[in-house]
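Structure first, then comments.
These values consider heavy atoms only, across backbone and side chains, with no hydrogens, waters or symmetry-generated copies.
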Amino acid sequence: MSAPRAIRKLLVANRGEIAVRVIRAAHELGIRTVAVYSDADRTALHVRGAHEAVRLGPAPPAESYLRIDRIVEAMERTGADAVHPGYGFLSERAAFAEAVEAAGKVFVGPPAAAMRAMGDKLSARAAVAGSGVPLVPGAPLAPEAGPAGWLAAAREVGFPLMVKASAGGGGKGMRRVAAEAEVPEAVRRAASEAVTAFGDGTVYLERYLEEPRHVEVQVLADAQGAVLALGERECSVQRRHQKVIEESPSPVVTPDLREAMEAAACAAARACGYRSAGTVEFLVDARRRFYFLEMNTRIQVEHPITEERYGVDLVKEQLRIAQGLPLSFGARPPEPRGHAIEARLCAEDADHGFLPSTGVLGAVQLPGGPGIRVDGHVYADQEVTLHYDNLLVKLVAHAPTRAEAIARLRRALYETRLPGVTTNIPLILRTLDDPRFVSGRYDTSILEHAAPPPADSDDLVPVVAAALALHRRVRPTSVPAAPAGRSLSAWRAQGRSAWGGPA
Amino acid sequence: MSAPRAIRKLLVANRGEIAVRVIRAAHELGIRTVAVYSDADRTALHVRGAHEAVRLGPAPPAESYLRIDRIVEAMERTGADAVHPGYGFLSERAAFAEAVEAAGKVFVGPPAAAMRAMGDKLSARAAVAGSGVPLVPGAPLAPEAGPAGWLAAAREVGFPLMVKASAGGGGKGMRRVAAEAEVPEAVRRAASEAVTAFGDGTVYLERYLEEPRHVEVQVLADAQGAVLALGERECSVQRRHQKVIEESPSPVVTPDLREAMEAAACAAARACGYRSAGTVEFLVDARRRFYFLEMNTRIQVEHPITEERYGVDLVKEQLRIAQGLPLSFGARPPEPRGHAIEARLCAEDADHGFLPSTGVLGAVQLPGGPGIRVDGHVYADQEVTLHYDNLLVKLVAHAPTRAEAIARLRRALYETRLPGVTTNIPLILRTLDDPRFVSGRYDTSILEHAAPPPADSDDLVPVVAAALALHRRVRPTSVPAAPAGRSLSAWRAQGRSAWGGPA
Amino acid sequence: MSRGTRYFATYGGRERQVEILTRPDGRLEVRVDGAAHPVDVASVGPSGLLNLLMDGQSVTYAARFEDGAAVLSFHDREVRVGIEDERTRLARQATGKAKARGRGAEVTSVMPGVVKEVRVAPGDRVRDGQALLILEAMKMENEIRAPHDGVVSEVRVAPGEAVEKGARLVRLEPPPEDAG
Amino acid sequence: MSRGTRYFATYGGRERQVEILTRPDGRLEVRVDGAAHPVDVASVGPSGLLNLLMDGQSVTYAARFEDGAAVLSFHDREVRVGIEDERTRLARQATGKAKARGRGAEVTSVMPGVVKEVRVAPGDRVRDGQALLILEAMKMENEIRAPHDGVVSEVRVAPGEAVEKGARLVRLEPPPEDAG
């Protein structure tokens, strides 16, 4: 690892909302930024937001955002002295951190050794085993053992179990297995997905806990040796192991449990010589016992809910730590305030098997007002493609109480318009109304048993709305032709005259 | 005043960002909302955000938002049981509150008697005079006294002085007078503006303090008799007496001064039997003496900076108080956190005499991320007209320290795009860089001595940018015709092929 | 006021007649099964959104048309309303009912993606739920399964091929009568 | 590579020649006073914004054209660049210099608004800075003042009239020679 030093120019090796997020933090610290982009992202917000931008290659990640060589070359070309990897892509590849450091540049993240220990879930279990952190029963899996060997390992762990990518995260390379017959196919598919997503097909088995809650603890560790926890995030609202809604504090975590989990998280971080921001994930069972799941050695998608409660900018802290500075707030984190919830707005048809939705965004309308934070990368005319993950916007609501935060998030979702694609907003709204969510008594299966979309009502509004929309379509002669160019007043006038004046 | 009772349906008698703001608070409390609109606002965000909407009349305020009769009629028609007046328009007209209460409905605001006492600046001075609140030297003005009489009153007050509309606010009906010769014209113009803006041409004279800072204190008073202050807001960055940037806490206010000003503000509120949210404005002179200026008996444009620091939703508190509920946070306000700054983004050409700018907004891009709150009413294709004030968006930055809040606001302003109109963003950015602002040592004259826009540099970017933009215009044959309808990919493709691929 | 344009809307299992008339003052009047409803509709912005004021509600929505239905996107849900104008209905009635479906069935892609792997070939017998092919979309691999028992009569895609939503992937014929 | 299109840009008190060429691969090359600059420009969204990558900068801007100049809106400022293509320049040079300005001057409206009051009449002598009329815009009353001493030769608007930005309001002739 190179010695800490001042960062003057930061290359952000990512795209989407997290690239925008990192650029924001850098600019607030007076650090110049360099964006990198694939051909699909030429006009993306992170390209426009950064001071400079360098093309990496064609749209597929393997030819752009996963190209370590091109990213290091872009750092050389622009004179960037540090790189922030965001999440996903190269963020947990120790080889990337090493390549950056070999070029004499700063990697904004943990030491490569800590990434290696924690990035692989198997070695992570080994790393924390000695530190008293409780572990879920599990077993490694040798590819060469073949189906028979896999089955033997599976029997040892017990059913139901999970096949998981060792290098994984975000639900990719993950399969739940209920019975022995499913083991071979699940292992093959998980390994194949893991190769595609992470370039590493190693998978392992882990006991599947019943009614588990997914609760994670945010840690910060600086170069001076301080290791601090900033409370927990409840991440049990998941579909296909992708988090959809996260909240802090967790409704299930008592002050005693929090203290124990924070201590375990700090112990795990110390066990691997951690530095920077990191997240220790736990499963909490129905009896409030917790088990170490993995450590994410990067900034997490859902980090804003911690930031809102603590008034701490975690990305700025990462940048401080990478420069050898101590944490901004001294020896103790600020007192957390209120309750925060994040919803991930994704381009997908949640009511039809969570199918991804693609298209061109129209005039997006994002919410605002008190206690609403928007982290997105959307803009009018943006093409939503299949190349990257389908997260468009993270909405965070912060309020004095959990009930107020839920009400605030609801109203913000009602304000949001992302025309041109189908989003999971209807599902999120129904989840916020789900009695299990409202009571706080839910586990990671909540979305599997989600209420279906409401049945058609006898409300006349849809009937009239459909007729008016068709009327407009079939009677174009009754309206003036849409003017060329941007004569929008005329277009608006058409809307008025065609559809009638005030009631 | 009618007895407090539960509000089930709230009519919002306003437009623009404050109407959107009030609707947000109501929806979070589960209260149904009714918007009212003029013909210019048929598709405005507040109309779309509310559950119901009622047309008031043509665009001019006198025929729509100032029509008490039509608003009360809309309440009757929709069954609204309460009205929130926002700021401006009818918000400080006691007659409006009385008409609402005569109809058996709830006015969300102070008792009409308190509005009358404080709404008129002359009676406000009288009301607080007995409570030990320090007053600026001033004098009433009899219209019938004529120029000679006015001049006599002006001599008594002393020069320089201000002519102010008694019913005024927001810089309207206000004139600074440096010498005797200017008195008659200033009085006539101020009175004329006051008639237009407030329907009341009464004006008065007040001594003009040198190097004054405009600092106001937020108060909340509930029906149970609690009267609390929530710190101050520094509002000295003004142009033509319109606030442009506000911050909290004020860089000039010491803990002792804050305590004294909060006590004076609460005394003023008690002196007029106040209830609801209100703001007591003070001038603070170079020697940190403070003088009562007026009390605004409504929610204030800049209320969000207080909300961000205290974690309190002032509009929700107004709605609670109107229903007879005590303040949500008990006997003491929460501890404030960090520093908050608001910038008012207006459609005006600040570099050319603050001329109003009108037009049709294009694809607006609003900022987000940590510590950024956006209160706006903008949307793509919105027509910005001359009928209403030119406030488009309020940006609020909240951070642990003043320096971080300034840096955060700067980066948020850089993210903001409001194509189609000219805005004051360049002026705001230059002000945030102004050494007087950075040091916190500024007074209400800061914008009078603002730095001019920077001179042209020898940067080649503008040269190339201009040539490329013209090239696109004069060589239309080299690009495919813009496709009809929403084939935006083709349009984007045009942009790519015409302007070259990746460098 | 003259007779307006009639539409037939099917929603919530019920068909209603909607008549849209232009009043002499240029405003629209909407009648649902004969009952007049005051409405006001305005276009919002460049994305084809409409704002409808009706029956004490302010509702903003977008509409697209698919197979004789309007898919309406409200802020919190998508709703499907069968909709037909009078002329279309008369024309359809004159040419008889819609053609009966053929016996075979197409398995179509429910999402855009790239075919990663094809698991079946023409002539294969498949079971309800059996994986026919693997489609990769947004870095997730999705198994496309048989909607019922049958025999593959045609495979229309090959590995590596990009497909749109609704693309026909595999044609399935009903299983022979002796199939269990 | 063939000769490109030439533009003449005046900015910061200096004129530069900008040549834009299309390379064989379809990309553009920009030369400023002969020196090549790698650039990449792309349209962003529906509002005519352009993003320019050049000399280590990512710059997003909108352009409008007024009187032979481009007004460029960057995120933090508006910049005016005189700009002319070669053809226009040649045509202008052929027809001689722009006509000299007439001796009288028009006072134009610097903003859209409604005329509230007219303070002068044809024949009036006015002083530099004297209020000619009152224009109301956004509820503020603004005095439109004489840009120099002169004599009113024509008043083109009346109270109550709505005027656009740039509208001619009053014509001022130079004052008689004896004016102080």
Please look at A:I406 and chain B and tell me whether the side chain, the backbone, both or neither of the residue comes under 4.5 angstrom of a heavy atom of that chain.
neither
Pick one of side chain, backbone, both or neither for A:P370, based on which atoms fall under 4.5 Å of a heavy atom in chain B.
both
Leading residue by heavy atom contact count with chain B [cutoff under 4.5 Å; candidates A:V20, A:V54, A:L45]
A:L45
One option among A:H27, A:E17, A:R373, A:E404 has the most heavy-atom pairs under 4.5 Å with chain B, and it is A:R373
Any idea which of B:R21, B:R411, B:R24 has the most non-hydrogen atom pairs under 4.5 angstrom with chain A?
B:R24
In terms of heavy-atom pairs under 4.5 Å, which option from B:G30, B:G368, B:A399 contacts chain A the most?
B:G368
Region of [X] that comes under 4.5 Å of a non-hydrogen atom in chain A:
{"X": "B:L29", "value": "neither"}
{"X": "B:P334", "value": "neither"}
{"X": "B:R408", "value": "both"}
{"X": "B:K316", "value": "side chain"}
{"X": "B:R337", "value": "both"}

How many angstroms lie between CG in B:D375 and CD1 in A:I372, if you round to the nearest 0.5 Å?
11.0 Å
Working to the nearest 0.5 angstrom, can you tell me the gap between A:R417 CZ and B:R48 CZ?
8.5 Å
By number, which residues in residues 305-315 of chain A have some heavy atom less than 4.5 Å away from chain B?
A:E307, A:E308, A:R309, A:Y310, A:G311, A:D313
Short side-chain to backbone donor-acceptor contact, B:Q365 and A:V378, under 3.5 Å
yes
Would you please test B:E335 and A:E335 for side-chain contact (heavy atoms from CB on, under 4.5 Å) and show each step?
CA-CA 11 Å; B:E335 274 300 300; A:E335 274 301 301; over 6 Å; no
Does some side-chain heavy atom of B:R410 sit less than 4.5 Å from a side-chain heavy atom of A:E28?
no
